[in-house]
Amino acid sequence: MTVNFDLSVLRTLVAVESDGSFARAAERVGRSESAVSLQLKRLEEQIGEKLFRRAGRSMVLTDTGERMLGYAKSLIALNDEAAGATVRPLLDGIVRLGVPPDFAATWLPIALARFARHCPSVVVETVVERSPALTARFGRGELDLAMAFATGTPDRARWSGTIPMAWIGPRHYRRHEPDPVRLAVFDPPCLFRAAAEAALDRHGIAWVVDFRSQGLASLWAAVTAGLGITVRTPEGLPPQLTVLGEGEGLPPLPSTCLALYERATPSLAAAARLAELLTETLTTTLGAAI
């Protein structure tokens, strides 16, 4: 017959041996003295032998009790080690996260909902801004975590990966020579705008900025209305727009780097947990880290 020992009973056994009496052990384990006595009686019934004998006013282990005590300490230690390695503590507090608008309405809400299920007591304050503003905020210590586009591979990023840049415009778009390419872009500094202008210049294609914006929603609206084409990543592409390319008379574009930054010494364990989840999501969604 298989015998399964109750760890709470084994902890009581250790407490009684350490304190020398049922009364003091009961205070330590948070039970009544009669409950402690009942626990040990049931343990003796499982084993089939006595664990303690009286020596004056104290309780002393029998030989069987000594052997059982050694196993009890080992089982408790192994249980606590397993719990420490696998069970995450309840996290709370506030985590300040910065993200570019390209991801705020796509997979990010799904990732944050998953985080909320694991850490329901944590409040995530999300700042949605362009990458230059986010990196500036992160540098000033205003954010615990920040995702931002970068021109090269960052040295101190927790995660970084490459994402292709793409020309984006209406489905009916075609470039007509010798007319200049009409652009709808963000105000500088913007690495997507710089990449678009550089690619057109390299191929001797004239261009003009017809629409400038500070927000992604207004940029998509301008492109949809035919005020110009733009350059972004294919992530979060509105359904009414499409990726353009050489077939529409446009030059190739380089890739860009997306990086996840984490404060060197996060003030909250919750920030580290959210960083783990975002790293998993980014790797799964955008590909292997670089």
Side-chain angles (χ1 to χ4, degrees), residues 1-97 110-125 144-145 158-159 260 262-281 283-284:
M1 181 181 67
T2 301
V3 176
N4 295 310
F5 294 114
D6 187 333
L7 282 172
S8 66
V9 176
L10 298 184
R11 292 185 192 277
T12 298
L13 171 64
V14 173
V16 171
E17 187 277 334
S18 175
D19 295 331
S21 77
F22 284 10
R24 289 192 293 271
E27 293 180 4
R28 179 188 293 196
V29 299
R31 295 176 181 270
S32 67
E33 187 174 347
S34 59
V36 166
S37 178
L38 182 60
Q39 277 189 316
L40 295 180
K41 181 180 179 181
R42 288 176 177 170
L43 181 58
E44 288 176 335
E45 290 173 353
Q46 279 187 297
I47 297 171
E49 296 188 40
K50 290 289 185 181
L51 296 172
F52 288 93
R53 60 180 176 81
R54 285 202 171 273
R57 294 186 177 181
S58 299
M59 301 297 294
V60 180
L61 287 169
T62 63
D63 290 342
T64 299
E66 289 283 0
R67 290 196 301 274
M68 190 65 215
L69 178 68
Y71 286 118
K73 289 181 178 179
S74 297
L75 289 170
I76 291 169
L78 184 60
N79 174 84
D80 293 349
E81 179 184 347
T86 59
V87 178
R88 295 190 180 276
L90 179 64
L91 302 178
D92 58 13
I94 299 174
V95 178
R96 302 164 302 171
L97 169 67
I110 299 173
L112 293 182
R114 178 185 168 197
F115 177 75
R117 288 194 296 271
H118 288 281
C119 305
S121 299
V122 178
V123 175
V124 180
E125 291 184 351
D144 300 303
L145 301 167
R158 176 190 174 99
W159 180 97
L260 174 64
E262 179 184 10
R263 289 175 64 83
T265 54
S267 57
L268 291 171
R273 176 61 187 130
L274 180 56
E276 290 177 9
L277 188 149
L278 290 175
T279 299
E280 294 171 7
T281 303
T283 302
T284 301

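Owing to the predicted nature of the structure, the values given are computational and were not obtained by experimental measurement. Quick note: numbers below take in every heavy atom, side chains included, and nothing from hydrogens, waters or symmetry partners.
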Q. What distance do Glu44 atom CD and Phe52 atom CZ have between them, rounded to the nearest 0.5 Å?
A. 8.0 Å

Q.
I need the minimum non-hydrogen distance between Gln46 and Asn4, along with the two atoms involved.
A. NE2-O, 3.1 Å

Q. Less than 4.5 Å apart, any side-chain heavy atom of Thr12 and any of Val16?
A. yes

Q: Starting from the C-alpha separation in whole Å, work towards a yes-or-no answer on side chain to side chain contact (heavy atoms under 4.5 Å, CB included) for Leu43 and Asp6.
A: CA-CA 9 Å; Leu43 181 58; Asp6 187 333; over 6 Å; no

**Q.** Val14 vs Lys73, side chain to side chain contact (heavy atoms under 4.5 Å, CB included): CA-CA, chis, key distance, verdict
**A.** CA-CA 7 Å; Val14 173; Lys73 289 181 178 179; 4.1 Å; yes

Q) What pair of heavy atoms forms the shortest contact from Ala271 to Val95, and how long is it? A) N-CG2, 3.7 Å

Q. Got a second to check how far Ile76's CD1 is from Phe5's CZ, nearest 0.5 Å?
A. 12.0 Å

Q. Quick one: side chain to side chain contact (heavy atoms under 4.5 Å, CB included) partners of Ile110, sequence neighbours excluded?
A. none

(Q) The criterion is side chain to side chain donor-acceptor pair (under 3.5 Å); which residues satisfy it with Thr62, sequence neighbours excluded? (A) none

**Q.** CG-OG1 distance between Leu274 and Thr279, expressed to the nearest 0.5 angstrom
**A.** 9.0 Å

Q: Check whether any side-chain heavy atom of Leu112 lies under 4.5 Å from a side-chain heavy atom of Leu97, and answer yes or no.
A: yes

(Q) To the nearest 0.5 Å, what is the distance between CH2 on Trp159 and CD on Glu280? (A) 13.0 Å

**Q.** Minimum heavy-atom distance Leu51-Met68, with the two atoms named
**A.** CD2-CB, 4.1 Å

Q.
Which residue is it: Arg158, Glu262, Arg263, Arg96? I am looking for the one with a side-chain contact (heavy atoms from CB on, under 4.5 Å) to Leu145.
A. Glu262

Q: With side chain to side chain contact (heavy atoms under 4.5 Å, CB included) as the test, would you mind laying out the steps for Asn79 and Arg11 before giving the verdict?
A: CA-CA 11 Å; Asn79 174 84; Arg11 292 185 192 277; 3.5 Å; yes

Q) With a 4.0 Å cut-off, would you call Glu45 and Arg42 a salt bridge? A) no

Q) Checking Thr281 side chain against Leu277 main chain: does a donor-acceptor pair fall under 3.5 Å? A) yes

(Q) Measuring only between side-chain heavy atoms, which start at C-beta, is Asp144 closer than 4.5 Å to Ile94? (A) no

Q | Minimal non-hydrogen separation, Val122 against Ala270, with atom names | A | CG2-CB, 3.7 Å

Q.
Quick check for you: to the nearest 0.5 Å, what is the distance between Arg273 atom CZ and Leu278 atom CG?
A. 10.0 Å

